[in-house]
Amino acid sequence: MSKKKKKDLTLEQAQELFKYKKGKLLWNTIIQSSSQSIGDIAGTNGRLIPMVYIKGNKYQIHRIVYLLHFGFCPEKLDFRDKTLTSEGV
């Protein structure tokens with residue numbers, strides 16, 4: 001049985017789904033199977049690295065923030081302040 005490869009989030013998808021304001025990633029649209037509202041802070045609570053789930057795929061918040069700011073996301077991405085829950089750029 002082969003493992004399904006996660007589809008990378010494109011810049012266009014990220015811009016449609018999220019906005020970054022005052023150091024936080026916010027939902028910019030409503031996902032059909034989700035209970036979030038537009039303007040809610042995106043991400044799971046209680047995880048070492050905050051994530052969002054979109055259509056069965058999980059994405060790390062800091063990678064989405066980087067993608068929104070720089071237009072791409074490198075394969076390896078480290079935290080400048082070494083805080084895994086940081087959403088700052």
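A quick note: this is a predicted structure, and the numbers were derived from the prediction, not measured.
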ask   = Got a second to check how far Arg63's CZ is from Ile49's CD1, nearest 0.5 Å?
value = 10.0 Å
Asp40: side-chain contact (heavy atoms from CB on, under 4.5 Å) partners, not counting sequence neighbours = Trp27, Gln36, Ser37
message = Measuring only between side-chain heavy atoms, which start at C-beta, is Leu17 closer than 4.5 Å to Leu9?
response = yes
Gap separating the CG atom of Asp8 from the CD atom of Gln13, nearest 0.5 angstrom = 9.5 Å
task = State, to 0.1 Å, how close Val52 and Ala42 come at their nearest heavy-atom pair, and which atoms those are.
result = CG1-CB, 3.8 Å
message = Assess the residue pair Leu68 and Gln15 against the criterion (side-chain contact (heavy atoms from CB on, under 4.5 Å)); give the C-alpha distance rounded to whole Å, side-chain angles, the decisive distance to 0.1 Å, and a yes or no.
response = CA-CA 7 Å; Leu68 288 170; Gln15 289 171 329; 3.9 Å; yes
Close aromatic pair by centroid cut-off 6.0 Å: Tyr53 and Tyr59 = no
inquiry  = Can you tell me which residue among Leu67, Leu25, Ile61 is in a side-chain contact (heavy atoms from CB on, under 4.5 Å) with Phe18?
reply    = Leu25
Contacts of type side chain to side chain donor-acceptor pair (under 3.5 Å), residue Thr29, not counting sequence neighbours = none
query = Sequence neighbours excluded, which residues qualify as side chain to side chain donor-acceptor pair (under 3.5 Å) partners of Glu16?
reply = none
note = The reported gap from NE2 in His62 to SG in Cys73 (rounded to nearest 0.5 angstrom) is 7.0 Å
